[in-house]
Amino acid sequence: MPETESKIIPWEEVTLSNNYMFNKVMTSNKDLCRRFVEHLLHIKIEDIEFPVGEFTLEADAESRGVRLDVFVRDSKGLRTFDLEMQVAHKTNLPERARYYQGMMDEAELMPEEDFDKLKTSYVLFICLFDPFKANLPIYTFQNRCDEKPELLLNDRSYKVFYNCKEWESVEDAEIKAIYQLILNNQASTDFTEEIRRQMHYARHNVQYRQGYMTLARMRAQDKAEGIAIGKERGRTEGIAEGSRTKALEAARNLLAMHVLTIEQIAQATGLSTEEIAQL
């Protein structure tokens, strides 16, 4: 079964739906990754290359950086591809795709280059759910004119969302097999069986295992800290709300005595003069 964000499963049981495993399988076999992209987009790629180091894009020290699951470019320097494995159903995928694409452009265009040197870019979200609830197995987006839909902007930017839930309605046999592999860890073609073999090698890689365990501990710690912060915030807000209720009650009692001014009652209770006036 695909991994969910709420549960970290043992490394021996991790499947391709885990973005860490997905990254290791794709980045450890360049030819496999190339063919994976070719199958998803129905294009031909002579060769690909991976950026040096981690797949982290950041425009400057004050901007929000992003860490892409798998970021590759073709060897001719004409196209860039970002592959994202998406398990949890989040509503901000379109905005994330937009931001990722902008960061890819920022990273790939040199300061001295004109804008027409921007590479054709693809952001591919592989989803274990239907991101747009239209029951389509694949959603492909590019910019076009509202007034004349057949008029494309031709900015060479594409966002494609793959809905694995609709695997039965996929016409392309290889994409259907990829969907089944992600959903059920079952290989039905030579290509998906090759991916399974690469997953087997990854599970026996000591460095990958250590990296996964480190990530698992960090996620568990972040989750525990988030729960603790949420509980403390709830307790603090509850106390604050209780204090306000008591302050309002005290203000009403002081007003009923007709002894103190609004300003004096505000000073005594901590409420504003406007709040006292409303009472």
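Remark: the backbone N or O of Asp69 is not paired with any side-chain donor or acceptor of Asn19 at under 3.5 angstrom. Side chain of His204 to main chain of His200: a donor-acceptor pair is present (N/O by atom type, distance under 3.5 Å, no hydrogens or angles). Of the possible donor and acceptor atoms, none in the side chain of Asn185 sits under 3.5 Å from a partner among the backbone N and O of Thr15. Using a distance-only test at 3.5 Å, with no hydrogens or angles considered, no donor-acceptor pair links the side chain of Gln180 to the main chain of Ser188. The main-chain N or O of Leu40 is found under 3.5 Å from a side-chain atom of Tyr162 such that the two form a donor-acceptor pair. At distances below 3.5 Å, at least one donor-acceptor pair connects side-chain atoms of Arg203 with backbone N or O atoms of Glu12.
Residue Tyr122 is not grouped with residue Leu109 when hydrophobic side chains (ILVMFWY) are merged at heavy-atom distances under 4.5 angstrom, including chains of intermediate members. Placement of Phe71 and Leu93 within a single hydrophobic cluster is found when ILVMFWY residues are connected by side-chain heavy-atom separations under 4.5 Å, directly or transitively. In the hydrophobic clustering of ILVMFWY residues, with side-chain heavy atoms under 4.5 Å counting as a link, Tyr201 and Tyr20 come out apart. Residues Phe36 and Phe50 share a single hydrophobic cluster, defined by chaining ILVMFWY side chains whose heavy atoms lie under 4.5 Å apart. Hydrophobic clustering (side-chain heavy atoms under 4.5 Å, transitive across Ile, Leu, Val, Met, Phe, Trp, Tyr) keeps Tyr99 apart from Leu118.
Between Met199 and Lys24, every side-chain heavy-atom pair lies at or beyond the 4.5 Å cut-off. For the pair Cys33/Val70, a side-chain contact is recorded, criterion being any heavy-atom separation below 4.5 Å from C-beta on. The closest side-chain heavy-atom distance from Tyr139 to Pro131 is below 4.5 Å. Contact annotation: the side chain of Val160 never approaches that of Val123 to less than 4.5 Å [non-hydrogen atoms, C-beta and beyond]. When side chains are defined from C-beta on, Leu136 does not count as touching Glu166, because their heavy atoms never get closer than 4.5 Å. Between Ile48 and Arg73 the shortest side-chain heavy-atom distance does not fall below 4.5 Å. Within the 4.5 Å cutoff, the side chain of Tyr212 has no heavy atoms near those of the Met21 side chain. Side chains of Asn18 and Ile9 form no contact here, defined as non-hydrogen atoms less than 4.5 Å apart.
Between the CZ atom in Phe81 and the CZ atom in Arg79 there is a gap of 4.5 Å [rounded to 0.5 Å]. Taking OG1 of Thr27 as the start and CG of Asn29 as the end, the distance is 9.5 Å to the nearest 0.5 Å. Here the straight-line distance linking atom CG of Asn163 with atom SG of Cys127 works out to 7.5 Å at 0.5 Å rounding. Put simply, CD1 on Ile182 and OG1 on Thr192 are 10.5 Å apart, with the number rounded to the nearest 0.5 Å. With rounding to the nearest 0.5 angstrom, the CG atom of Leu68 is 4.0 Å from the CG atom of Asp82. In this structure, Leu248 CG and Thr269 OG1 are separated by 8.0 Å, a value rounded to the nearest 0.5 Å.
The neighbour count for Glu113 CD, taken as heavy atoms of other residues, nucleotides or ligands under 6.0 Å away, is above 12. A 6.0 Å sphere centred on CD of Glu95 holds more than 12 heavy atoms belonging to other residues, nucleotides or ligands. Atom CZ of Arg144 has more than 12 heavy atoms from other residues, nucleotides or ligands within 6.0 Å. Atom CG of Asp31 is surrounded by more than 12 heavy atoms from other residues, nucleotides or ligands within 6.0 Å.
Electrostatic pairing of Glu46 and Arg34 does not count as a salt bridge here, judged by no charged N lying under 4.0 Å from a carboxylate O. With salt bridges taken as basic N to acidic carboxylate O contacts below 4.0 Å, one links Asp47 and Lys30.
With hydrogens and angles left out, the side-chain atoms of Asn143 and Asp155 include a donor and acceptor closer than 3.5 Å. Counting only N and O atoms by type, the side chains of Glu174 and Thr189 include a donor and acceptor under 3.5 Å apart. When only modelled atom types and interatomic distance are considered, Gln86 and Arg96 share a side-chain donor-acceptor pair under 3.5 Å. Checked by atom type, the side-chain pair Ser75/Glu49 shows no donor-acceptor distance below 3.5 Å.
Between Asp116 and Arg156, the shortest heavy-atom contact is O-NH2, 3.7 Å. Here the closest heavy-atom approach between residue Gln198 and residue Ser28 is recorded as NE2-OG, 3.1 Å. Contact record, Met85 with Leu128: SD-CD1, 4.1 Å, taken as the closest heavy-atom pair. Taking each heavy atom of Lys119 and Thr80 in turn, the nearest pair found is CD-CG2, 3.5 Å.
Using the six-membered ring where Trp is involved, Phe132 and Phe161 have ring planes that are perpendicular, over 60° apart on the 30 and 60° scheme.
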Are Tyr179 and Lys165 close enough, and set up right, to give a side chain to side chain contact (heavy atoms under 4.5 Å, CB included), and what steps lead you there? CA-CA 8 Å; Tyr179 282 9; Lys165 283 188 64 177; over 6 Å; no
Applying side chain to side chain contact (heavy atoms under 4.5 Å, CB included) to Leu16 and Ile195, what does each step give before you reach the verdict? CA-CA 9 Å; Leu16 198 66; Ile195 294 177; 4.0 Å; yes
Residue pair Glu171, Lys176: steps toward the salt bridge (Lys or Arg N to Asp or Glu O under 4.0 Å) verdict: CA-CA 7 Å; Glu171 295 182 1; Lys176 178 180 287 188; over 6 Å; no
After noting the C-alpha distance and the side-chain angles of His42 and Ile175, does the key distance pass the side chain to side chain contact (heavy atoms under 4.5 Å, CB included) rule? CA-CA 10 Å; His42 297 113; Ile175 293 181; 3.8 Å; yes
From CA spacing to verdict: ring pair (Phe, Tyr, Trp, His ring centres under 6.0 Å), Phe141, Tyr158: CA-CA 6 Å; Phe141 297 92; Tyr158 303 88; over 10 Å; no
Evaluation steps, side chain to side chain contact (heavy atoms under 4.5 Å, CB included), between Ile126 and Glu84: CA-CA 6 Å; Ile126 305 169; Glu84 299 290 322; over 6 Å; no
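Sorted pairs that involve residues 121-135 and meet salt bridge (Lys or Arg N to Asp or Glu O under 4.0 Å), not counting sequence neighbours, are lacking altogether. Counting only residues at least two apart or on different chains, the salt bridge (Lys or Arg N to Asp or Glu O under 4.0 Å) pairs with a member in residues 269-279 are Arg244-Glu275.
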